[in-house]
Structure formats: structure tokens, C-alpha cells
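Below is one structure, written out as C-alpha cells; comments come after it.
Worth knowing before you read on, the calculation uses all heavy atoms, side chains too, and leaves out hydrogens, waters and symmetry mates. When a residue number appears, it is its place in the shown sequence, counting from 1. What you see is a predicted model, and the numbers here were worked out from it, not measured in a lab.
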Amino acid sequence: MPSIPLYLRSLLLALVLLAAGRAAHADLAVGAVAPAFELQDLDGKTVTLAEFRGKTVVLEWINPNCPVSRGYAERKTMTATTAAHPEAVWLAINSTHRASGDFVDPAAHQAFNRKNGIAYPVLYDSSGEIGHAYGAKVTPHMFIIDGAGELVYNGAIDSGPGASSVNYVDAALTALAAGKSPHPSTTKPMGCSVKYAE
């Protein structure tokens, strides 16, 4: 069997790497099992998804240096939605790579949280592994996981700022509390791109 020329081998390798990169950023479909994670919060405490089995879990991708994410924090959108749904566990995840100019160290993040009334845990995913597993694209990007560990919502927090805004996450949590499926279950997230290592 003839050997493959070097330029063809290089091209094939590039295509394989490109495909792998696209797979890493693939959307996580509603109905899929939510990827497990074990991350540290701002105090260094380990938090796992498994410990909340049986509960509804909301994941919010966050970055204080993103004006969109910061705007939602300042308008108290997330904290008000959290307060309206004490039956759900709310976790924020920051996947900003440490080498990025948008990286916020734990002390600064804690100060941001205090200023904006954020009392729920913020978890660091500086490697981006969990962000890629979920397909988190922007801050904020929201995911809701039901008590069985399945993804039931993937998308935006709401339809955008304004008096006529629809809070998709609030509607989804209300539906789940009533034993119904969220509708819509997917929307387009809006915000700043997650600052991964690549």
C-alpha cells in the first residue's frame, strides 16, 4: 500500500483537529444528560453537580468584565429570578481563561458579587472544560437541569432589557414547578463571547 504524502497527512490532521474543535463547542441539546462537573467556588470550596441530584439546577455563565453580564447583575435580573424560585439551585460559572485580560480574580469577583447582591455560588472553570462541555457561548448563557439530571432549557435569560422583556428562565422554572416542560426550551443567548483559552 503506498504511503500517504506528507502534505496530505498534514491536511488530514488539520481536518481532524478542526472537527475536534467544533465538537468541543457543540450545542448541548435539550433532553441530553447534563455533563457532570466538579469546580471550586470563590472560597476554594469544591462544588459538584451530583450533590444537587433531585433538584432543579440553573447554570449562569458569568463574567463581570462583560458589559452585558454586568448589566444583568446591576439590574438584579438574576438575583430577582433566584429569589422567586427558592426551589431551584442557582450556580454561576466563570469560564474566562486566566491569561485573558477579562479574567477576574476571586477577591475582585467577591467584591462584584457583594456590590450586586449575588449570594449564589460562583464557580471557576478557567480551563474552559465545563464551558465547552455545555457549549456555553456567551455571558450570560443559561442552562436549566431538572431533578433527573437532564437539560431542559438552553439559551438566554430573557428576550432583552425593556418593559416588554420576557424572562425565559423565570417562565421555565415556573413550568417545571408546575410539572410542565419549559416552552420555549431553547432560545438564542445574547452577550459577550466566553473568553476561552483558544
Side-chain angles (χ1 to χ4, degrees), residues 23-63 69 72-73 76-97 106 109-110 112-113 116-158 167-189 191 194 196:
H25 292 84
D27 288 332
L28 185 66
V30 166
V33 175
F37 60 76
E38 183 175 308
L39 298 169
Q40 289 191 331
D41 68 12
L42 299 177
D43 295 316
K45 177 187 172 186
T46 298
V47 176
T48 69
L49 180 60
E51 68 190 87
F52 303 113
R53 184 78 172 182
K55 296 183 179 180
T56 298
V57 177
V58 179
L59 302 181
E60 167 200 350
W61 258 259
I62 190 172
N63 182 353
S69 183
Y72 276 108
K76 312 297 185 193
T77 305
M78 313 313 192
T79 53
T81 308
T82 305
H85 296 279
E87 77 283 359
V89 175
W90 196 293
L91 303 172
I93 298 179
N94 191 328
S95 292
T96 307
H97 190 261
H109 217 311
Q110 286 174 329
F112 173 82
N113 292 357
N116 293 289
I118 297 172
Y120 48 87
V122 174
L123 313 178
Y124 271 24
D125 170 44
S126 301
S127 71
E129 179 183 353
I130 305 307
H132 286 316
Y134 278 84
K137 294 178 176 60
V138 298
T139 52
H141 192 158
M142 312 297 298
F143 299 84
I144 302 178
I145 303 160
D146 69 11
E150 289 188 359
L151 186 72
V152 293
Y153 178 78
N154 177 344
I157 175 70
D158 60 22
N167 188 321
Y168 298 127
V169 171
D170 175 67
L173 292 173
T174 300
L176 287 172
K180 300 176 182 178
S181 297
H183 181 76
S185 60
T186 58
T187 60
K188 182 179 180 180
V194 178
Y196 291 115

- Task: May I ask you to check whether over 12 heavy atoms, not counting those of E129, lie within 6.0 Å of atom CD?
- Result: no
- Over all atoms of both residues, closest heavy-atom pair of A136 and V194: O-CG2, 3.8 Å
- Query: About how many Å separate CG of L176 and CD1 of I145, when rounded to the nearest 0.5 Å?
  - Reply: 11.5 Å
- Item | Residue that, paired with W90, satisfies ring-ring contact (aromatic ring centres under 6.0 Å, His included) out of Y120, F143, F52 | Y120
- Query: Less than 4.5 Å apart, any side-chain heavy atom of V169 and any of I144?
  - Reply: yes
- Task: Show your reasoning for whether side chain to side chain contact (heavy atoms under 4.5 Å, CB included) applies to T46 and E38.
- Result: CA-CA 6 Å; T46 298; E38 183 175 308; 3.3 Å; yes
- Query: Does some side-chain heavy atom of M78 sit less than 4.5 Å from a side-chain heavy atom of E60?
  - Reply: yes
- Pairwise side-chain contact, V89 with T56, heavy-atom cut-off 4.5 Å (strictly under): no
- Message: Do L59 and Y134 make a side-chain contact, defined as non-hydrogen atoms from C-beta onward lying under 4.5 Å apart?
- Response: yes
- Query: Does the side chain of S126 reach to within under 4.5 Å of the side chain of T96, using non-hydrogen atoms?
  - Reply: no
- Message: Using the rule given for side chain to side chain contact (heavy atoms under 4.5 Å, CB included), can you reason through I62 versus T139, listing the C-alpha separation, both sets of side-chain angles and the distance that settles it, and then say yes or no?
- Response: CA-CA 5 Å; I62 190 172; T139 52; 5.6 Å; no
- Message: Whether the D158 and T77 side chains hold a donor-acceptor pair (N or O, under 3.5 Å, no angle test) is what I'd like checked.
- Response: no
- Note on the structure: Between S181 and A175, the two heavy atoms sitting closest are O-CB, 3.9 Å
- Message: Run the side chain to side chain donor-acceptor pair (under 3.5 Å) test against D125 and tell me which residues pass, sequence neighbours left out.
- Response: S95
- Item | Partner residues of N113 under the side chain to side chain donor-acceptor pair (under 3.5 Å) criterion, sequence neighbours left out | H109
- Message: Listing request: all side chain to side chain donor-acceptor pair (under 3.5 Å) pairs with a residue in residues 146-156, at least two apart in sequence or in separate chains.
- Response: H141-N154, Y153-T187
- Note on the structure: Interatomic distance, CG@L49 vs CG@L123, rounded to 0.5 Å, equals 10.5 Å
- Stepwise side chain to side chain contact (heavy atoms under 4.5 Å, CB included) test for D41 and Y124: CA-CA 6 Å; D41 68 12; Y124 271 24; over 6 Å; no
- So which heavy atom on V152 is nearest to which on S185, and how close? O-CB, 3.5 Å
- Message: I need the minimum non-hydrogen distance between L28 and P35, along with the two atoms involved.
- Response: CD2-CD, 3.4 Å
- Smallest separation among heavy atoms of M142 and V58, with atom names: CE-CG1, 3.8 Å
- Can you check whether V57 reaches L91 side chain to side chain, under 4.5 Å on heavy atoms? yes
- Message: Measuring only between side-chain heavy atoms, which start at C-beta, is W61 closer than 4.5 Å to P140?
- Response: no
- Does the side chain of K76 reach to within under 4.5 Å of the side chain of N116, using non-hydrogen atoms? yes
- Task: Grab the two heavy atoms, one from G149 and one from R53, that are nearest each other, plus how far apart they are.
- Result: CA-NH1, 3.6 Å
